[in-house]
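Below is one structure; the comments refer to it alone.
Note that these values count all heavy atoms, side chains included, but never hydrogens, waters or copies made by symmetry. Since we're looking at a predicted model, the values are computed, not measured. Numbering of ligands and ligand atoms starts at 1, following listing order.
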Amino acid sequence: MNATPLAVHDDGPEGVYTRGSGEAREWWRVSLSERANMFRIEHGRGGDGDTIGEVDIDTVVDLDNLEAKLLKWRREGFVSEAGREDEARAAEAGSRFSADLRHAAAAARAAREGGGAGDVAGSEVCNESDNEARLPGATVRIGNVDMPVAQAGSPASQALVPRINDAYLFTARTDDVALDIVENRRVMLIGHTGSGKTSFIEQVAARTGHGVLRANMNGQTTIGDFVGFWTVKGGETVWVDGVLPVSMREGYWLIIDELDFAEPSILAVLTAVLEPNGKLLLKERGNEIVTPHPAFRLFATANAAGAMSAYRHLYQGANLLNEAFLDRWRVYLFDYLSKDEEAEVLRRTLPQLTPALAHTLAAIAADCRAAFAREDLASAFSTRRLIDWAELMLRTGDAERAAGPSIYAKVSAEDASLIRSIIRHHAIFDADPGAS
Ligand SMILES: Nc1ncnc2c1ncn2[C@@H]1O[C@H](COP(=O)(O)OP(=O)(O)O)[C@@H](O)[C@H]1O
Ligand SMILES: [Mg+2]
């Protein structure tokens, strides 16, 4: 982790560092020395602003030495004058950001108190269309692809159809995946946590009326949960199907989440069913053969497989999936949404957010992700986290307070402090009084 040298102004270490005021004012001044890569440091008392009083120490140091001094001064309470100007600017611009936010929060409150958000366009979740009659042969458009709609199945399968999230944004990246689903290909989505892999499949299923089962491999999923097991019920020994045979028999869409954490025995079982129309052999059940229902689809998500393997150190415990295994899938890299797309999702989810606020929030998320990729942050910044923060911000009218339970309390103190400085930075530089 790189500690952010907050005591140093962005433009470099040169400048005046002060503590106290009036008589008690004490300062250090750093300037470039005539000697290459060396710095001159001077010390004194008194003076005002950039002006300094009488010099009592005057010496030349190298960068390492200077950095040690900067840290020491910071601990002793010295602050750079440039830093003080930034603070003042932050306070002013921050209040513009806060004013924007206060307006949005007031609008949100009015909508809540006025009997819900019924009159707000594009408001959150659409329930009406969930159980719309689905005509056989009908299609629904996902992005630029027409996808066939499921024939209405049993009440049990209906209960497994995810709810439509109207705020979900299908982008051009998903057209190929949609076509693969139509063609019954095995699809693996790889990408950082919270980039929308699982929800994409769920939202396609929601719109096409398919029941979805999920099995998360980063946790307790055993081969028994996955394939099935024998158990004793009322004195009789009975077989209980696992999620894989259930999905294959009933024609559900099975999402295997975080496949790169799966046990080898699960990967071995999967390999057989990865062929289109691949059958499952239940050895434990006297070699029963499970033939897939035509509506069955198999999906996997992974954080650090394939093209994402460079990030394996960020996902502790992730296994390398070998190429022969990967070759049985179409593998798509899901990056986070672009800033504009994410701002759009924020506005669709929370219509009270102004475009300026939504863009600032999306820019903050983008910066946090860049810091995560550089390993300056240990915690990822998902779209889910961003939406949750924005939601709470609209309730509290206070971005900092809202960040407590939605962000800071979930991460280390170091991460919280870096995220806080990223948020402050954007409150200063993004505020655009023209946009609202
Ligand atoms: N394209 C999108 N449109 C709207 N919301 C999205 C989109 N992508 C991600 N999200 C939001 O982010 C959340 C987390 O996404 P998820 O699919 O769980 O990520 P992953 O499976 O990649 O970890 C979703 O519940 C959804 O609220
Ligand atoms: Mg997921």
- Item | Side-chain touch Leu267/Leu259, heavy atoms, less than 4.5 angstrom |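 Leu267 vs Leu259: side chains touch.
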- Query: Is there a side-chain contact between Met147 and Arg207, using heavy atoms and a 4.5 Å cut-off?
  - Reply: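 Side-chain contact under 4.5 Å: no.
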Please say whether more than 12 non-hydrogen atoms of neighbouring residues, nucleotides or ligands are located less than 6.0 Å from [atom1] in [X].
X      : atom1 : answer
Phe170 : CZ    : yes
Asn322 : CG    : yes
Lys72  : NZ    : no

Under 4.0 Å from a heavy atom of [X]: which atoms of ligand 1 are those, numbered in the order shown and with their elements?
X      : answer
Ser195 : 19 (O), 20 (P), 22 (O)
Val345 : 3 (N), 4 (C), 5 (N)
Leu337 : 1 (N), 2 (C), 7 (C)

- Checking side-chain contact (heavy atoms from CB on, under 4.5 Å) for the pair His293/Arg249: CA distance, chi angles, key distance, verdict? CA-CA 6 Å; His293 185 290; Arg249 292 187 216 269; over 6 Å; no
Any idea which part of [X] is under 4.0 Å from ligand 1, heavy-atom wise: side chain, backbone, both or neither?
X      : result
Leu189 : neither
Leu169 : both
Ala167 : backbone

- Message: Strictly below 4.0 Å, N to O, side chains only: are Glu344 and Arg348 in salt-bridge contact?
- Response: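 Here Glu344 pairs with Arg348 in a salt bridge, since their nearest N and O are under 4.0 Å apart.
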- Message: Looking at Glu342 and Arg369, is any side-chain nitrogen of the basic one under 4.0 Å from a carboxylate oxygen of the acidic one?
- Response: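 Answer for the salt bridge query: yes.
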Would you say [X] contacts ligand 1, with heavy atoms under 4.0 Å as the rule?
X      : answer
Gly194 : yes
Thr193 : yes
Ser382 : no

Between [X] and ligand 1, does any nitrogen or oxygen pair lie at a separation below 3.5 Å?
X      : value
Asn165 : no
Thr198 : yes
Gly196 : yes
Ser199 : yes

- Task: Identify the heavy atoms of Gly143 and Arg141 that sit nearest to each other, and give their distance.
- Result: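 Here Gly143 and Arg141 meet closest at O-CG, 3.6 Å.
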